[in-house]
Amino acid sequence: MEEANEERSGCLLLLAGLLAVLGPSPTSSIHVYTQREVYGTVGSPVTLSCSFWSSEWISEDISITWHFQAEGTRDSTSIFHYAKGQPYIDDVGTFKERMEWVGNPRRKDGSIVIHNLDYTDNGTFTCDVKNPPDIVGKSSQVTLYVFEKVPTRYGVVLGSIIGGALLLVAVVVALVYLIRYCWLRRQVALQRRLSAMEKGKLQRSAKDASKRSRQAPVLYAMLDHSRGTKAASEKKPKGAPGDSRKDKK
């Protein structure tokens, strides 16, 4: 699985490199991404995610650095550094025994985890990535808010997102059922129409058959009458000569 992910990452990097070469700008810079805000509760862990995109292959000289600026201060201190394939947690500050490296530069991931949160962890964390020769770029910042419990504001936003997603799924399902219902009704109506047409054809054919059956005796009677009339007319002239001879005597 890891080899497949590395191969996929290599393909994406190759594609990005080709786009960078074919693009209108001959220069490119590394891009770093973090969340804007992260919420945590006292005593719980929190993940500070950091991802990046580089136009260069992930080299052995890649470096990832995290800085921390406490809330209400202007001083920024280094709390974590990754270089030469090894993570280093700085011995300065209160994070040295509570920090865990969970990133993977091959997957363009420079995330860390801070355990056992405290109110003193409130502040701004900065993620900076260098992938020589791709070293030009802007770092990204995420602000951590530590509370006794998850703030209502955050819960409402999260609930709204989940509710919106569920509502969208419900709308899609309802739309699918409505389309299916309309299609079935149309099929039923079409079937009824075809059945009515077939029934009408059968009724018309039955009427035609009964009409022909009623007309047949009349035709036969007319034919018999015409035949009798013709026979009577043929017999009458044969008796005429005899009568004339009797008259002469």
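Note that the structure is predicted; figures quoted are calculated from it, not measured.
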inquiry  = My understanding is that only residues two or more places apart in sequence, or in another chain, count here; which of them pass side-chain contact (heavy atoms from CB on, under 4.5 Å) with Val113?
reply    = Pro45, Thr47, Glu100, Val102, His115
inquiry  = According to ring-ring contact (aromatic ring centres under 6.0 Å, His included), does anything in residues 90-109 pair up with another residue at least two apart or in another chain? List the pairs.
reply    = Phe68-Phe95, Phe80-Trp101, Tyr82-Trp101, Phe95-Phe125
With rounding to the nearest 0.5 Å, note down the distance linking [atom1] in [X] to [atom2] in [Y].
X: Asp134; Y: Ile30; atom1: CG; atom2: CD1; answer: 5.0 Å
X: Asn116; Y: Thr94; atom1: CG; atom2: OG1; answer: 10.0 Å
X: Ser139; Y: Ile64; atom1: OG; atom2: CD1; answer: 13.5 Å
X: Trp66; Y: Cys127; atom1: CH2; atom2: SG; answer: 4.5 Å
X: Glu56; Y: Ile135; atom1: CD; atom2: CD1; answer: 11.0 Å

note = Taken in chain and number order and not counting sequence neighbours, the residues that satisfy salt bridge (charged side-chain N to carboxylate O under 4.0 Å, His left out) with Glu60 are Arg106
query = Residues two or more places apart in sequence or in another chain: which of them pass salt bridge (charged side-chain N to carboxylate O under 4.0 Å, His left out) with Asp90?
reply =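 None.
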With a 3.5 Å cut-off and no angle check, do the side chains of [X] and [Y] form a donor-acceptor pair?
X: His81; Y: Thr65; value: yes
X: Ser54; Y: Asn131; value: yes
X: Glu37; Y: Tyr39; value: yes

Are any of the side-chain heavy atoms of [X] and [Y] separated by less than 4.5 Å?
X: Ile79; Y: Ile89; answer: no
X: His31; Y: Phe52; answer: no
X: Lys108; Y: Ser51; answer: no
X: Leu117; Y: Leu144; answer: yes
X: Ile112; Y: Leu48; answer: yes

Quick one: closest heavy-atom pair of [X] and [Y], and the distance?
X: Gln141; Y: Thr34; result: O-OG1, 3.1 Å
X: His67; Y: Ser76; result: CB-OG, 3.4 Å
X: Ser59; Y: Pro132; result: OG-O, 3.4 Å

message = For residues 115-127, which residue pairs pass the salt bridge (charged side-chain N to carboxylate O under 4.0 Å, His left out) check, not counting sequence neighbours?
response =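 Matches after skipping sequence neighbours: Arg98-Asp121.
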message = According to salt bridge (charged side-chain N to carboxylate O under 4.0 Å, His left out), does anything in residues 68-87 pair up with another residue at least two apart or in another chain? List the pairs.
response = Asp61-Lys84
ask   = Under the side chain to side chain donor-acceptor pair (under 3.5 Å) test, which residues partner Ser49, sequence neighbours left out?
value = none
request  = Check side chain to side chain donor-acceptor pair (under 3.5 Å) between Thr73 and all other residues, then give those that pass, not counting sequence neighbours.
outcome  =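 Checked Thr73 against side chain to side chain donor-acceptor pair (under 3.5 Å); zero matches.
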message = With side-chain hydrogen bond (donor to acceptor under 3.5 Å, both in side chains) as the rule and sequence neighbours excluded, what pairs involving residues 185-194 come up?
response = none
Report the hydrophobic cluster partners of [X], with the cluster defined as I, L, V, M, F, W, Y residues connected by side-chain heavy atoms closer than 4.5 angstrom, directly or transitively.
X: Leu178; answer: none
X: Leu184; answer: Trp183
X: Tyr181; answer: none

query = What about Tyr119 and Val38, same hydrophobic cluster or not, with Ile/Leu/Val/Met/Phe/Trp/Tyr joined at side-chain heavy-atom distances under 4.5 Å?
reply = yes
message = So if I apply the side-chain contact (heavy atoms from CB on, under 4.5 Å) rule between Cys50 and each of Val32, Asp128, Asp109, which one comes out positive?
response = Val32
request  = With side chain to side chain contact (heavy atoms under 4.5 Å, CB included) as the test, would you mind laying out the steps for Thr126 and Val142 before giving the verdict?
outcome  = CA-CA 6 Å; Thr126 303; Val142 53; over 6 Å; no
